[in-house]
Amino acid sequence: MDRTPIKKALDADRIGQTVTVAGWVRTARHSKGGFSFLSLNDGSCFALLQIVADRTLANYEREILHLSAGCSIVATGELVASEGKGQAVEMQAKEIRVLGEVDAETYPVQAKRHTFEFLRTQAHLRTRTNTFGAVARVRNRICAAIHEFFQRRGFLYIHTPIITSSDCEGAGEQFGVSTLDPAAPPRDENGQVDFSQDFFGRRTYLTVSGQLAVEPYCCSLGDVYTFGPTFRAENSNTPRHLAEFWMVEPELAFADLNDDADLAEEFLKYVFSTVLNDGEEDLNFFNEHIDKTILETLRHIHESEFVRLTYTEAMDVLETAERDWDYPPKWGADLQTEHERYLTEETFQKPVIVTDYPASIKPFYMYVNEPDERGRRTVRAMDVLVPKIGEIIGGSQREHRLEVLESRMDECGLNKDDYWWYLDLRRHGSIPHAGFGLGLERCVQFCTGMANIRDVIPYPRTPRNAEF
RNA sequence: UCCCCGAUAGCUCAAUGGUAGAGCGAGCGGCUGUUAACCGCUAGGUUCUAGGUUCGAGUCCUAGUCGGGGAGCCA
């Protein structure tokens, strides 16, 4: 169909042109005076195109008068300067074809305010609302910006596998992948399920991170990144967690933790400024109706330098804070949510990169620092914390010294045979390298102000919820 | 998984242990270059499920299911 996106139809310099638009009626206001106002959305932008239809249309009485929210139409007409107040441009319809009618009695998305909880039960139709249309466009722009950022810097986009066989990547519970009959799986002599007869001839899982699989590419091709779906079978019931989410994981070659932190900061600033520049219409909506601080926050971050401090320094800040903690800060324990919020929202009021965490609370693959003067051992890990969301990025310099890595794996109780290829990278031409993971949905949350992560992914998967 | 809160009309919510209501939406009518239009009328209910207390339960008790907030796990 030769149609003009509404985004283009609304350009003032198109006035006088005759165009065809297609979309879904958001609201229909009928006057018995013999004309109707149809507000049309086609997803190309936030704004609606008002179509004026009058009884000179052949199907006015029969069809147009019965149009209501949700109906799909194709309209052809002249773009004219609007006589009304709410819009500069509108269409004077010459022909309107009704593609799909709506049973107004049962159409769930009414022209009124709905709660996000209700709209989650209508995930197939919630995209027809202002909020979810805007979320989809911002999410798209963020994804494009992510690729732009890395591509312009020469990073290779690597597709790491969704199905993996390493069962302890150190990042949470995994979903099993199997084609065995769950009601009657084959069993070995000990009565255990015999996965050697499974599709892959071994136990397999959905990936919890592409990091281990992307490191070999980093250690041969240089700077790389992976960007894909990630799965965690944790029983997490929070507005910040999903069982299926998207993660961006760059891996920098010949790099240390400082390079990693530099990259993370530049990366976030690029993504945020892109959304600010290109998503103005949608962001204005979020700023007005969802979170009144979102524009100010994004601009502020773009202009300011991220705070960088070590875990030990952060502990000093927290320990001297005049404040009653639910969990008093203590060196060796992980930062609690209340601690992160204090640092980002009160002490510094901007993103904070915390580095060099105690080795005991971080995974085996992180580079081990020399013990400090008090003999405490840390690893070159970093978390990028932002106001409200908390941890948006987690990363580290990787341990590239074979002996240190092996002893760390022993400490963590891992079977080194399972990681033979990962260890091989440290045997043959090992290099210092570093990387991080950004949770896409948390980034979308941060840019839109949407409070619940289930509302920034099309079809959220959470415990007990895989409808749609 | 733990703590707290909630579930009543299509949606958002009211309703001292005593006949279940409103707004919005929907249908019909009126009015209008309208714009979350406006005005009038009408229809619409197994009060989440299963037990229990009571003469009587939307309301009180127990268990469960689902949802929300907080915490943990993390991105």
Is the phosphate of [N], meaning OP1 or OP2, less than 4.0 Å from a side-chain N or O of [X]?
{"X": "A:Arg454", "N": "B:G68", "answer": "yes"}
{"X": "A:Asn452", "N": "B:G69", "answer": "yes"}
{"X": "A:Arg113", "N": "B:C11", "answer": "no"}
{"X": "A:Arg120", "N": "B:G68", "answer": "yes"}
{"X": "A:Gln336", "N": "B:G72", "answer": "yes"}

Is there a donor N/O on one and an acceptor N/O on the other, under 3.5 Å, for the side chain of [X] and the base of [N]?
{"X": "A:Glu338", "N": "B:G70", "result": "no"}
{"X": "A:Arg29", "N": "B:C38", "result": "no"}
{"X": "A:Gln87", "N": "B:U35", "result": "yes"}

Strictly by Watson-Crick or wobble contacts shorter than 3.5 Å, is anything paired with [N], and which nucleotide is it?
{"N": "B:C38", "result": "B:G30"}
{"N": "B:G67", "result": "B:C5"}
{"N": "B:A75", "result": "none"}
{"N": "B:G10", "result": "B:C24"}

Is there a donor in the side chain of [X] and an acceptor in the side chain of [Y], or the other way round, less than 3.5 Å apart?
{"X": "A:Gln445", "Y": "A:Glu441", "result": "no"}
{"X": "A:Glu244", "Y": "A:Tyr459", "result": "no"}
{"X": "A:Asn258", "Y": "A:Arg308", "result": "no"}

Worksheet item: When the distance from CD of A:Gln122 to P of B:C11 is rounded to whole Å, what number comes out?
Response: 9 Å

Fill in: Interatomic distance where NE2 belongs to A:His30 and C1' belongs to B:G30 [whole Å]
16 Å

Worksheet item: Are A:Arg14 and A:Val89 side-chain neighbours, meaning at least one heavy-atom pair lies under 4.5 Å?
Response: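 The answer is no, as the side chains (C-beta and beyond) never meet within the 4.5 Å cut-off.
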
Discussion item. With a 4.5 Å cut-off on side-chain heavy atoms, are A:Leu414 and A:Phe364 touching?
Written reply: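 Yes, side chains in contact.
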
Worksheet item: At under 4.0 Å between heavy atoms, what does A:Phe118 touch on the DNA or RNA strands: base, sugar-phosphate, or nothing?
Response: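 The answer is sugar-phosphate, as A:Phe118 gets under 4.0 Å only of primed atoms, P, OP1 or OP2.
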
